[in-house]
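Heavy-atom basis, side chains included; hydrogens, waters and symmetry copies ignored. No experiment lies behind these values; they were computed from the predicted model shown. Residue numbers start from 1 in every chain, and the chains themselves are labelled A, B, ... in the order their sequence lines are given, proteins ahead of strands.
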2 protein chains.
Amino acid sequence: MSTRGQDPVAATVERVVAHLREHGHRITMPRRAVVDTLARAEGHPTVEQIAADVAERWPGMHLTTVYRTLETLAELGVVTHVHLAAGTAYHLADPASAGAGTHHVHAQCRSCRRVIDLPDGILDGVRRELAASEGFALEPHHVALSGLCRGCAATG
Amino acid sequence: MSTRGQDPVAATVERVVAHLREHGHRITMPRRAVVDTLARAEGHPTVEQIAADVAERWPGMHLTTVYRTLETLAELGVVTHVHLAAGTAYHLADPASAGAGTHHVHAQCRSCRRVIDLPDGILDGVRRELAASEGFALEPHHVALSGLCRGCAATG
DNA sequence: TTGCTGTTGCGAAGGGGTTGCAGGAAGGCG
DNA sequence: CGCCTTCCTGCAACCCCTTCGCAACAGCAA
């Protein structure tokens with residue numbers, strides 16, 4: 001609660017807002033709301049979860065608006081998405097990489113649906129192998145790997 | 001066209017039919033139709049493609065039936081599916097593995113949507129690594145990897 | 001051949017996401 | 001400061017894919 005570094009969420013929102021403005025987009029409350037929610041979010045919320053979260057603080061905001069806002073933010077590279085076995089999850093792009101595309105790799109538990117982040121280089125070996133043998137340019141961050149997390153593997 | 005090895009498609013259909021019968025399921029024309037289509041299919045058709053293909057030879061077959069048939073075949077382990085970035089693809093399980101679960105790994109080109117098969121062990125290293133570091137039990141065959149195939153990587 | 005029971009076809013409903021349109025607000029400009 | 005243009009939002013209808021309920025049909029065993 002000191003002066004510097006105060007409220008990282010607000011700082012993130014301002015950063016994104018500035019980015020929007022620079023690219024000729026208008027700053028509206030719904031957009032702030034979505035960015036704010038993403039900045040606060042832990043993990044990788046789906047559109048549905050984002051909308052629910054937004055609705056708690058800014059009631060009346062329409063689901064359509066969430067979709068369109070995410071689309072706009074994605075075009076700017078501010079937001080990244082991952083395809084899960086069911087649905088798509090969104091999260092703010094790594095601030096440091098600001099458009100450089102330093103995403104991380106994701107894995108999703110098919111039982112509890114939780115998403116975990118993996119070190120970025122974990123698929124490097126496979127990527128090289130695929131490039132050499134198949135000429136396939138793997139994009140490791142676009143789709144989540146599937147499996148069972150520690151907890152679910154133990155229980156189930 | 002000799003006596004032995006004649007029409008591998010028919011042979012596959014008969015094998016699956018026998019499997020169905022063994023498990024107390026009835027042999028119907030729609031089921032033969034779906035299996036036949038899958039046996040003929042190159043690649044990894046979606047429900048839509050399967051239905052279209054079936055409709056050409058057995059007009060009047062309802063889409064619902066395709067879904068239900070695939071579901072039945074999947075329960076028997078005769079059919080496997082992969083989640084793609086958009087949609088789900090079905091294919092006959094590896095005959096040799098007949099229920100043993102020896103699936104292969106898939107990768108999908110995000111540009112041309114083609115699916116390519118990869119050697120089963122290509123993710124073994126990653127699987128071991130994830131198991132050790134995260135306790136995550138990777139299931140390599142359940143979701144397709146994403147990237148660009150040789151052709152699209154060159155063109156685009 | 002007869003009868004039981006699993007399957008099919010159909011219509012309708014459900015869920016998720018997208019699109020078109022008219023009103024409303026952001027922000028540039030006078 | 002206030003107007004005006006343009007973009008954005010809210011709403012509702014729509015579309016696509018999948019599943020469900022029900023009545024009729026057809027395997028297959030006896």
Side-chain angles (χ1 to χ4, degrees), chain A residues 13-14 16-37 44-76 78-79 81-90 113, chain B residues 13-14 16-37 44-76 78-79 81-90 113:
Chain A
V13 173
E14 289 317 310
V16 172
V17 162
H19 201 87
L20 276 166
R21 209 187 301 270
E22 279 171 27
H23 288 259
H25 291 281
R26 295 185 180 169
I27 311 309
T28 63
M29 205 191 56
R31 287 182 173 173
R32 280 182 182 275
V34 169
V35 174
D36 183 284
T37 297
H44 303 73
T46 62
V47 171
E48 186 186 335
Q49 292 170 318
I50 294 169
D53 214 85
V54 164
E56 280 185 15
R57 305 178 213 215
W58 294 272
M61 187 169 158
H62 204 273
L63 186 57
T64 306
T65 306
V66 177
Y67 275 103
R68 287 193 278 224
T69 302
L70 286 171
E71 187 186 347
T72 301
L73 294 173
E75 276 172 16
L76 289 182
V78 174
V79 156
H81 65 272
V82 210
H83 295 286
L84 305 177
T88 304
Y90 293 81
R113 300 258 157 225
Chain B
V13 173
E14 289 316 310
V16 172
V17 162
H19 201 87
L20 276 166
R21 209 187 298 271
E22 278 171 28
H23 288 260
H25 291 281
R26 293 184 182 168
I27 312 308
T28 62
M29 205 187 61
R31 286 182 174 172
R32 280 183 182 277
V34 169
V35 174
D36 183 285
T37 297
H44 303 72
T46 62
V47 170
E48 187 186 358
Q49 292 171 316
I50 294 169
D53 214 83
V54 164
E56 279 185 17
R57 304 178 213 214
W58 294 271
M61 186 168 158
H62 204 273
L63 187 57
T64 307
T65 305
V66 176
Y67 277 102
R68 287 192 282 222
T69 303
L70 286 171
E71 188 186 346
T72 302
L73 294 173
E75 278 171 15
L76 289 181
V78 173
V79 157
H81 65 272
V82 210
H83 295 286
L84 306 177
T88 303
Y90 294 80
R113 301 259 156 222

Provide, to the nearest angstrom, the distance between the [atom1] atom belonging to [X] and the [atom2] atom belonging to [N].
X       : N      : atom1 : atom2 : value
A:Met29 : D:dC7  : CE    : P     : 22 Å
B:Arg32 : D:dA26 : CZ    : P     : 16 Å
A:Leu73 : D:dT9  : CG    : C1'   : 15 Å
A:Leu63 : C:dG15 : CG    : P     : 15 Å
A:His62 : C:dA22 : NE2   : P     : 17 Å
B:Met61 : C:dT7  : CE    : C1'   : 11 Å
B:Ile50 : D:dC17 : CD1   : P     : 14 Å
A:Glu71 : C:dT18 : CD    : C1'   : 10 Å

(message) Within this structure, what is the OG1-CE distance for the pair B:Thr28 and B:Met61, rounded to the nearest 0.5 Å?
(response) 7.5 Å

(message) Quick check for you: to the nearest 0.5 Å, what is the distance between B:Leu70 atom CG and B:His81 atom NE2?
(response) 10.5 Å

From the options [options], select the nucleotide whose nearest atom is closest to the side chain of [X].
X       : options               : value
B:Arg31 : C:dT8, D:dC17, D:dT9  : C:dT8
B:Arg21 : D:dT9, D:dC28, D:dC8  : D:dC28
B:Thr64 : C:dT8, D:dC28, D:dT19 : D:dT19

(request) May I ask you to check whether over 12 heavy atoms, not counting those of A:Glu75, lie within 6.0 Å of atom CD? (result) yes

(message) Taking only side-chain N and O atoms of B:His25, does any of them lie within less than 4.0 angstrom of OP1 or OP2 on C:dT7?
(response) yes

(message) Please determine whether a side-chain nitrogen or oxygen atom of A:Thr65 lies at a distance below 4.0 Å from atom OP1 or OP2 of D:dG10.
(response) yes

(request) Answer yes or no: is there a donor N or O on one side and an acceptor on the other, between the side chain of B:Glu56 and the main chain of B:Asp53, under 3.5 Å? (result) no

(request) Please confirm whether the backbone N or O of A:Thr64 pairs with a side-chain atom of A:His62, one donor and one acceptor, at under 3.5 Å? (result) yes

(message) Under 4.0 Å, heavy atoms only, any strand: does A:Arg68 hit a base, just the sugar-phosphate, or nothing?
(response) base

(request) Measure distances between side-chain N and O atoms of A:Arg26 and base N and O atoms of D:dT6, and say whether any donor-acceptor pair falls under 3.5 Å. (result) yes

(request) Using heavy atoms to find the nearest nucleotide of DNA chain D for A:Thr72 and A:Gly60 separately, return the residue whose nucleotide is more 5′. (result) A:Thr72

(message) If you assign each of A:Tyr67 and B:Thr28 to its closest nucleotide in DNA chain C, which residue comes earlier from the 5' end?
(response) B:Thr28

